[in-house]
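Shown next, in structure tokens, is the structure this report addresses.
We count residues from 1, following the sequence as given. Quick note: numbers below take in every heavy atom, side chains included, and nothing from hydrogens, waters or symmetry partners. In this text, all values refer to a predicted model and were calculated from it rather than measured experimentally.
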Amino acid sequence: LSVADKLIVTVTSSGDLFFNSKPMASIEELETELRELLRQSATPAGNTPSPATPGRRPMIGLRADRRNTYARIIQILSLGRELNVDVYQMVDPGGADKDAKRVLENDE
């Protein structure tokens with residue numbers, strides 16, 4: 001991926017969903033964004049792995065407040081499986097939305 005594998009999904013305790021720093025209205029919108037990014041990266045110009053990461057699959061970093069329902073996490077894990085993308089969970093140990101907001105601000 002030309003985005004240097006920067007695929008970060010954040011879910012706040014209130015259920016707000018973000019892809020990188022962009023708000024997503026639904027899991028379907030997230031799926032559309034991911035599919036488009038993966039489609040663009042599969043073009044011949046983007047199909048060559050970088051020398052630093054030969055043959056590495058794209059990866060989604062999932063930032064989730066620990067107060068999230070497990071169902072929301074399962075939705076994102078299932079989406080990753082469907083798109084053949086690895087998903088790594090990064091659960092906020094403090095469980096505070098302010099930490100999720102700080103993380104989003106740092107991504108910009």
Side-chain angles (χ1 to χ4, degrees):
L1 288 170
S2 62
V3 181
D5 300 337
K6 186 177 179 185
L7 305 173
I8 306 295
V9 174
T10 303
V11 186
T12 66
S13 63
S14 61
D16 293 331
L17 184 64
F18 296 86
F19 177 50
N20 292 331
S21 296
K22 181 179 178 185
M24 297 282 111
S26 66
I27 194 78
E28 292 79 16
E29 183 180 4
L30 174 63
E31 179 179 359
T32 300
E33 290 279 331
L34 284 169
R35 284 189 187 279
E36 179 61 21
L37 185 63
L38 293 169
R39 184 192 65 75
Q40 289 174 5
S41 71
T43 60
N47 205 19
T48 306
S50 73
T53 58
R56 194 174 100 194
R57 286 186 353 175
M59 175 186 79
I60 294 173
L62 174 58
R63 294 179 176 144
D65 186 288
R66 68 180 175 166
R67 293 175 288 185
N68 270 290
T69 63
Y70 198 61
R72 181 63 123 180
I73 305 301
I74 292 297
Q75 282 182 314
I76 295 167
L77 292 172
S78 296
L79 178 59
R81 237 186 332 258
E82 181 181 327
L83 297 175
N84 195 32
V85 175
D86 294 326
V87 178
Y88 292 89
Q89 292 175 267
M90 302 177 283
V91 179
D92 171 23
D97 281 340
K98 68 178 182 348
D99 291 336
K101 183 179 179 189
R102 179 182 43 77
V103 165
L104 287 169
E105 289 168 351
N106 290 339
D107 281 348
E108 294 176 350

For [X] versus [Y], what's the shortest heavy-atom pair and its separation?
| X | Y | value |
| --- | --- | --- |
| P58 | V85 | O-CG1, 3.4 Å |
| V87 | G80 | CG2-CA, 3.8 Å |
| E33 | F19 | CB-CD2, 4.0 Å |
| L34 | L83 | CB-CD1, 3.7 Å |

If you round to the nearest 0.5 Å, how far is [atom2] of [Y] from [atom1] of [X]?
| X | Y | atom1 | atom2 | answer |
| --- | --- | --- | --- | --- |
| L30 | L79 | CG | CG | 5.5 Å |
| L17 | I27 | CG | CD1 | 5.5 Å |
| L38 | N84 | CG | CG | 9.0 Å |
| I8 | F18 | CD1 | CZ | 14.0 Å |
| I76 | Q89 | CD1 | CD | 9.0 Å |
| E82 | E31 | CD | CD | 5.0 Å |

Checking [X] now: which residues fulfil salt bridge (charged side-chain N to carboxylate O under 4.0 Å, His left out) with it, not counting sequence neighbours?
| X | answer |
| --- | --- |
| E29 | none |
| R81 | none |
| D86 | R57 |

Self-check item: Residue pairs, two or more places apart or on separate chains, that pass salt bridge (Lys or Arg N to Asp or Glu O under 4.0 Å) and touch residues 69-79
Solution: none

Quiz item: Partners of E36 by side chain to side chain contact (heavy atoms under 4.5 Å, CB included), sequence neighbours excluded?
Solution: R39, Q40

